[in-house]
Amino acid sequence: SLNYGLIVAILFIAASLRFLCLPHFPPGVEHDEVAEVLIAEGILQGHHALFFREAYGQEPLFLYLVAGALVVLGRNLLALRFVTASVGLLTVAAGARLARTLFDVRVALMAAAGLGVMVWPVFWSRVGLRGMLLPLMMSLAADALWRALHGHARTMRYAWLSGLGWGLAMYTYLASRGIPILLISFPLYIALFDRRLLRRRWRELVVVLAVTVLIAAPLFLYLQRNPEAQTRVYEVQAPLTALLQGDPVPILKNMTRVLGMFNLRGDSTERNNFPGRPVFPEPVWGGLFVIGVVVALLKISDMRYGFVLLWLGVMLSPTLVTTDAPNFVRALGALPVVMVFPGIGAAWLAMWMRVRGAQWASGLRLTFAVVLGVACVLNVGLTVRDYFVRWPQIPEVGFVWQRDFVAIAEWLDARPELCEVTVGGVSTTSMDAPSLDLLMKRDDLRVRWTDPGSPLGAGGAFVIPRDGGYFLAVSY
């Protein structure tokens with residue numbers, strides 16, 4: 001009952017960090033979010049695709065979920081972000097379930113706490129973009145895989161479900177390109193360390209791989225025939241290209257940055273993170289993560305530890321081989337197991353205390369539990385401070401999330417007597433109009449758009465409001 005109470009409390013805190021003030025944090029709407037809504041609206045109008053070419057190339061699964069949310073909740077920013085917040089909360093539950101399946105309830109509680117309160121998962125659960133769907137699908141697929149290999153009943157059913165999960169995960173985000181490597185490497189690992197299991201459950205493994213390939217094949221074939229559709233991939237793959245040409249230096253530099261992202265310095269981009277904040281900003285969780293990795297390495301022949309190590313290495317590769325490492329969105333595939341390692345470290349420390357300090361075992365365990373509880377509460381406070389207080393004050397955040405349009409939308413909503421207005425922007429033929437439309441609550445206003453920042457001979461305009469009229473312009 002205590003464990004159930006703790007997991008309910010963690011889920012409540014996780015839900016609060018994801019859903020409270022959802023339309024206002026992030027403080028506006030960025031172009032990528034607008035693009036997701038426009039593509040989803042196209043789906044509702046009958047424009048379907050295995051891979052959408054718009055916005056540098058988009059996998060479709062998240063976009064179909066957004067389309068459904070627009071139908072239910074209406075065309076607004078809340079509908080978009082409600083999808084990611086829900087996916088983020090489900091990821092907490094799915095990650096805890098996976099940790100419980102692989103290890104025990106103590107590791108599950110630590111994984112749930114990490115997934116629930118750290119800035120990294122909270123950030124990507126509130127932005128209306130598709131990346132957070134990847135760790136959810138991978139957690140569900142991995143849980144079913146483990147039950148297929150180690151369960152005592154309905155193993156073939158779980159094999160089918162696992163293949164379905166891995167296959168659908170390929171339709172979530174570009175970092176899913178690491179999944180085939182993981183699914184090829186894991187049977188090889190089993191063949192090396194547990195041939196008895198391989199002989200006993202090879203049929204389940206074949207089903208997992210076959211179903212995954214069957215589901216992912218249409219997307220793979222489309223991208224193979226239309227490589228130009230993956231615009232974003234080609235924009236960020238410079239380190240990988242250098243490695244293939246015989247220059248490992250960019251990858252080696254990235255490796256040090258990726259290894260440091262957990263405890264030293266994280267993603268430095270304002271649109272991905274509070275700049276430079278590591279995954280674990282305080283020493284308790286960060287230290288337990290390091291201990292967990294060391295324990296897993298020492299026990300690598302145990303399939304549980306080998307699997308999470310393999311997953312960690314493979315799913316960090318998308319940020320390792322691309323520019324601007326560490327990139328927290330490209331590393332999202334590793335998120336579920338990253339949060340498992342502090343639990344492994346905590347479980348090992350608890351066992352060590354029980355063995356080495358038998359006469360003080362109960363006192364040591366109580367003290368350790370208090371330290372973990374205090375660290376969890378501290379991490380909640382640090383997340384609130386860094387995400388809800390400090391991050392919105394960064395000037396670049398105001399620019400990326402178009403805070404000026406927020407002010408314009410609020411001004412227009414407060415003046416219902418206005419029926420016509422002229423607005424000057426910087427993307428007047430593409431993103432400005434849908435951005436303002438998503439931010440405004442009213443839909444009865446006629447908006448004219450001008451470009452006051454360009455020369456008059458190049459599409460610019462000089463606007464003089466009539467008496468009593470208004471001309472609104474964004475400051476950037």
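- Nearest heavy-atom pair across E270 and V397 is CB-CG2, 4.0 Å.
- For T319 (side chain) and N327 (main-chain N/O), a donor-acceptor pair under 3.5 Å exists by modelled atom type.
- Rounding to the nearest 0.5 Å gives a distance of 9.0 Å between CD of E30 and CD of E36.
- Looking at N273 and S268, their side chains never come closer than 4.5 Å, going by heavy atoms from C-beta outward.
- Summarising the geometry, atom CG belonging to L439 is positioned 8.5 Å from atom CZ belonging to F405; distances are rounded to the nearest 0.5 Å.
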Practice task
Decide yes or no on side-chain contact (heavy atoms from CB on, under 4.5 Å) for W166 and L182, but give the supporting numbers first.
Solution key: CA-CA 10 Å; W166 293 118; L182 178 61; 4.0 Å; yes
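- For T84 (side chain) and R81 (main-chain N/O), a donor-acceptor pair under 3.5 Å exists by modelled atom type.
- Here the shortest heavy-atom pairing between G343 and M110 reads CA-CB, 3.5 Å.
- Here the side chain of E59 pairs a donor or acceptor atom with the backbone of L174 at under 3.5 angstrom.
- In summary, the aromatic rings of F307 and F186 are positioned with their centroids under 6.0 Å apart.
- With contacts defined as side-chain heavy-atom distances shorter than 4.5 Å, the pair I190/L205 qualifies.
- Heavy atoms of other residues, nucleotides or ligands lying less than 6.0 angstrom from OH of Y222 number more than 12.
- When atom types are taken as modelled, the side chain of D432 and the backbone of S427 share a donor-acceptor pair closer than 3.5 angstrom.
- Side-chain atoms of R403 come within 3.5 Å of backbone N or O of P392 as a donor-acceptor pair.
- Heavy atoms from other residues, nucleotides or ligands lying under 6.0 Å from CZ of F368 number more than 12.
- Judged by distance alone, the side chain of R271 and the main-chain N or O of E396 form no donor-acceptor pair under 3.5 Å.
- With contacts defined as side-chain heavy-atom distances shorter than 4.5 Å, the pair V384/L17 qualifies.
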Exercise for the section: Please assess V29 against Q402 for the test side-chain contact (heavy atoms from CB on, under 4.5 Å), listing each intermediate value before the final yes or no. Expected result: CA-CA 6 Å; V29 61; Q402 306 183 92; 3.9 Å; yes
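- Minimum interatomic distance between P26 and W401 (heavy atoms only, all atoms of both residues): CB-NE1, 3.2 Å.
- Using bins of under 30°, 30° to 60° and over 60° for the plane-to-plane angle, the ring pair Y387/F25 lands in the tilted bin.
- The number of heavy atoms from other shown groups lying within 6.0 Å of OH (Y56) does not exceed 12.
- Taken to the nearest 0.5 Å, the CG atom of L90 stands 10.5 Å off from the OG atom of S139.
- E33 places a side-chain N or O within donor-acceptor distance of the main-chain N or O of G128, the cut-off being under 3.5 Å.
- If you take OG on S86 and CG on L22, they are separated by 8.5 Å, rounding to the nearest 0.5 Å.
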Handout entry: Trace of the side-chain contact (heavy atoms from CB on, under 4.5 Å) decision for R330 with T322
Key = CA-CA 9 Å; R330 293 176 212 147; T322 54; 3.0 Å; yes
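- Checked by atom type and distance alone, the side chain of T256 pairs as donor or acceptor with a backbone atom of K253 at under 3.5 Å.
- Looking only at side-chain heavy atoms (C-beta outward), L382 and R385 come within less than 4.5 Å of each other.
- Between the CG atom of L134 and the CG atom of L335 there is a distance of 9.5 Å, given to the nearest 0.5 Å.
- If you run side-chain hydrogen bond (donor to acceptor under 3.5 Å, both in side chains) between Q230 and each of Q237, E235, R177, only R177 comes through.
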Handout entry: Verdict with reasoning, M138 to T172, per side-chain contact (heavy atoms from CB on, under 4.5 Å)
Key = CA-CA 10 Å; M138 291 188 69; T172 59; over 6 Å; no
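- Using cut-offs of 30° and 60° on the angle between ring planes, the pair F280 and F289 is tilted.
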Exercise for the section: Give the intermediate values and the outcome of side-chain hydrogen bond (donor to acceptor under 3.5 Å, both in side chains) for residues T101 and R147. Expected result: CA-CA 8 Å; T101 300; R147 294 171 187 271; 3.0 Å; yes
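- Considering all non-hydrogen atoms of both residues, Y64 and A49 come closest at OH-N, 3.6 Å.
- To the nearest 0.5 Å, atom CH2 of residue W348 and atom CZ of residue R106 are 13.0 Å apart.
- Between P27 and W391, the closest side-chain pair of non-hydrogen atoms falls below 4.5 Å.
- Within a 6.0 Å sphere centred on CZ of R157, heavy atoms belonging to other residues, nucleotides or ligands number 12 at most.
- Between the side chain of N379 and the backbone N or O of V117 there is no donor-acceptor pair closer than 3.5 Å.
- Nearest heavy atoms, V107 versus D104: N-OD1, 3.0 Å.
- Checked against the 6.0 Å centroid criterion, the rings of F19 and F82 qualify as a close aromatic pair.
- Proximity of F103 to Y305: side-chain heavy atoms (C-beta onward) are separated by under 4.5 Å at one or more points.
- With a 4.5 Å cut-off on side-chain heavy atoms, R130 and V66 do not count as touching.
- When all heavy atoms are compared, the tightest approach of L115 to G95 is CD1-CA, 3.7 Å.
- Counting heavy atoms from C-beta outward, D413 and E410 have side chains that stay 4.5 Å or more apart.
- The main-chain N or O of G151 is never found under 3.5 Å from a side-chain atom of T155 such that the two would form a donor-acceptor pair.
- Here F274 and F328 keep their ring centres 6.0 angstrom or further from each other.
- Atom CH2 of W146 sits in a crowded spot, with more than 12 heavy atoms from other residues, nucleotides or ligands closer than 6.0 Å.
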